[in-house]
Amino acid sequence: MSDYRQMWADLGLDLEAHDRLLEALPPTYHDVYLTQPHRPRGMEYFDFVVNEIHGLRIQELQQHKQQGGKVIGTFCVFVPEEIIRAAGGICIGLCSGLETGSGEVDKVLPRQVCPLIRSFMGFKLGKICPYFESCDLVVGETTCDGKKKAFELLADYIPVHVMETPQMKRERDYQFWREEIKEFAAKIEEITGQKITAASLKQCISDTNAKRRALLRLAGLRRHRPAPISGKDSLLIEQIAMYDDVARFTQQVNRLCDELEERVKAGTGVAPAKAPRLIVSGTPMAIPNWKVPHIIESTGAVIVAEEMCTGLRYFEGLVPEDASSLEEAYAGLARRYLNINCAVFTPNTDRTQRIMELVQEYQADGVIHVSLSFCDPYSIEANRVEKACRQAGIPLLKLETDYGQEDTEQLKTRVEAFLEILK
Ligand code: BJ8
């Protein structure tokens, strides 16, 4: 990586703490990613992106800002990224997958809060995330209570706009969500100083759909046996999708898919054809949280799909591209985004139903449900998923974990025992 120290200093990062963070990442990445056998060549681009995670992309954000552009951070796949780009902004997913700055976090948050929330507070309070420090505004949501209250605290440190997300999916919730999206669009216009037009929104809807189509293409290729790419690599791509340049990312995913198509034709895979195939479902796994997938694939199984927000929930469902007015485009966005099956909704039977379908579509042998500790919506919904799987005769393993490494051996033992049952 080039020397970006001046840029980090200008952003106000705590350079010592930031150094410690960067030192910890390369060995982890090497062990989790670079030691995998039969990796597709197309993963080189994504390795490069991770290698430059606090470098080149941050430089791009700074260049954008120097030209008068704005950077907007988000924490949830409910926030329509199309709106941000249609007003000339750059959208960056800030969800964090690493425990950091716990001392500072303990001063503002109780310990019994999910690690994802503690993580984003830790990154902000510890001043170690150049993405956070590049943001002109961050967008929160009222999905779960923990996030909702944490955004009140976060507003003491950075400008926050909170979107009120519905908890049900009735017609009136959809109407409400459409109005909330329009209010969000007005806020983004105010921040960027640029009006959203029907043409700019149409273009951004089309670009974002192209990204989704590329990710859907990748997902489709994983239905083949043997799987042409590992679950860990797929998750990495899904994590990078949240912050990379849209056009470049889409092109690179499609290039990788060309290679994977050749692999499928040749019958080449990352694991033997008889390797157990698993669906992972549950709370999002934000970068650099690769713990559970690494444990699962180290035991010889292969993950074939992620029913998560760092996975299918992020890119399933396209936004209509034929809107003839801004009003119609907002309506299309509202419909598409309200279809996401997050566990904060009640009822949320569509999620369980989708998991059952995925098992068939991806020829999966079982499901591993992973919840972050202290996440009530997913931990409680895990029981619904378990019941549905039992009724359908689908083996399921429920795991609850955090960002620490202390439970690694215990998780490994449980995953190994589960694979024995599958055999
Ligand atoms: S759409 S899953 S990205 S809210 S893990 S903070 S729910 S206590 S992350 Fe999420 Fe949007 Fe839903 Fe997806 Fe709360 Fe649970 Fe923590 Fe969570």
Side-chain angles (χ1 to χ4, degrees), residues 73-81 91-99 105 109-124 138-154 160 162-169 173 177 180-181 184 212 235 238-239 241-243 280-287 289 291-292 306-317 333-334 336-348 350-352 354-355 369-385 398-404:
T74 61
F75 300 90
C76 176
V77 299
F78 265 103
V79 178
E81 53 190 281
C91 176
I92 295 290
L94 287 174
C95 261
S96 319
L98 179 88
E99 188 180 339
V105 176
L109 285 177
R111 291 207 142 259
Q112 299 81 354
V113 165
C114 105
L116 195 145
I117 295 171
R118 288 181 58 87
S119 176
F120 72 67
M121 283 303 281
F123 273 105
K124 182 61 200 162
V138 297
V139 187
E141 4 69 44
T142 60
T143 44
C144 70
D145 287 350
K147 268 182 163 178
K148 188 166 66 189
K149 299 311 284 180
F151 291 131
E152 287 176 17
L153 303 179
L154 194 61
V160 179
V162 176
M163 294 184 81
E164 185 174 349
T165 40
Q167 307 280 299
M168 297 177 90
K169 296 185 181 182
D173 298 306
W177 183 232
E180 196 65 15
I181 288 179
F184 170 59
R212 292 189 183 111
L235 173 65
E238 289 154 354
Q239 292 170 332
M242 309 279 174
Y243 69 91
V280 175
S281 174
T283 42
M285 292 178 185
I287 202 164
N289 177 14
K291 181 170 79 173
V292 173
E306 297 76 31
E307 193 283 316
M308 302 188 301
C309 289
T310 43
L312 289 159
R313 286 204 295 266
Y314 174 60
F315 53 85
E316 275 195 316
L333 285 166
R336 187 269 165 195
Y337 278 88
L338 202 61
N339 269 338
I340 297 169
N341 296 323
C342 174
V344 297
F345 281 96
T346 185
N348 194 32
D350 285 356
R351 175 170 169 239
T352 314
R354 187 70 193 115
I355 295 170
H369 192 285
V370 189
S371 308
L372 282 170
S373 31
F374 304 115
C375 173
D376 291 344
Y378 281 88
S379 301
I380 294 173
E381 198 161 284
N383 295 330
R384 280 255 172 251
V385 176
K398 276 193 301 183
L399 300 177
E400 196 170 303
T401 186
D402 56 21
Y403 290 168

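When a ligand or atom number is given, it counts from 1 through the structure's own listing order.
Nearest to atom 11 (Fe) of ligand 1 among the protein's heavy atoms is Cys76 SG, 2.3 Å. Protein heavy atom closest to atom 12 (Fe) of ligand 1, with residue, atom name and distance, is Cys342 SG, 2.3 Å. Ranking protein heavy atoms by distance to atom 2 (S) of ligand 1, first place goes to Tyr378 OH, 3.2 Å. The protein atom (non-hydrogen) at minimum distance from atom 13 (Fe) of ligand 1 is Cys309 SG, 2.3 Å. Looking only at protein heavy atoms, the nearest one to atom 10 (Fe) of ligand 1 is Lys147 NZ, 3.8 Å. The protein heavy atom nearest to atom 14 (Fe) of ligand 1 is Cys144 SG, 2.3 Å.
Residue-ligand proximity: Gly146 is placed with every non-hydrogen atom at 4.0 Å or more from ligand 1.
Using bins of under 30°, 30° to 60° and over 60° for the plane-to-plane angle, the ring pair Trp177/Phe78 lands in the perpendicular bin.
The existence of a salt bridge linking Glu152 and Lys149 is confirmed by a sub-4.0 Å separation between a basic side-chain nitrogen and an acidic carboxylate oxygen. Ion pairing of Arg354 with Glu316 is present here, as a side-chain N (NZ or NE/NH1/NH2) and a carboxylate O approach within less than 4.0 Å.
Every atom of ligand 1 with a heavy atom of Thr143 under 4.0 Å away is listed here by number and element: 4 (S). Within ligand 1, the atoms closer than 4.0 Å to a non-hydrogen atom of Phe78 are 1 (S), numbered from 1 in the order shown. The ligand atoms of ligand 1 that sit less than 4.0 angstrom from a heavy atom of Ile117 are 6 (S). Distances below 4.0 Å separate heavy atoms of Thr283 from the following atoms of ligand 1: 5 (S).
Between Phe75 and Leu154, some side-chain heavy-atom pair lies under the 4.5 Å cut-off.
A cation-pi arrangement is not found for Lys291 relative to Tyr403, the charged atom failing to lie both closer than 6.0 Å to the ring centre and inside a 45° cone about the ring normal.
With 3.5 Å as the limit, one finds no donor-acceptor pair spanning the side chains of Lys148 and Thr143. Residues Lys398 and Asn383 bring a donor and an acceptor atom of their side chains to less than 3.5 Å of each other. Counted by atom type alone, Ser281 and Arg351 present one or more donor-acceptor pairs between their side chains at under 3.5 Å.
Of the options Cys114, Ala343, Cys375, Gly93, the smallest heavy-atom separation from atom 16 (Fe) of ligand 1 is shown by Cys114.
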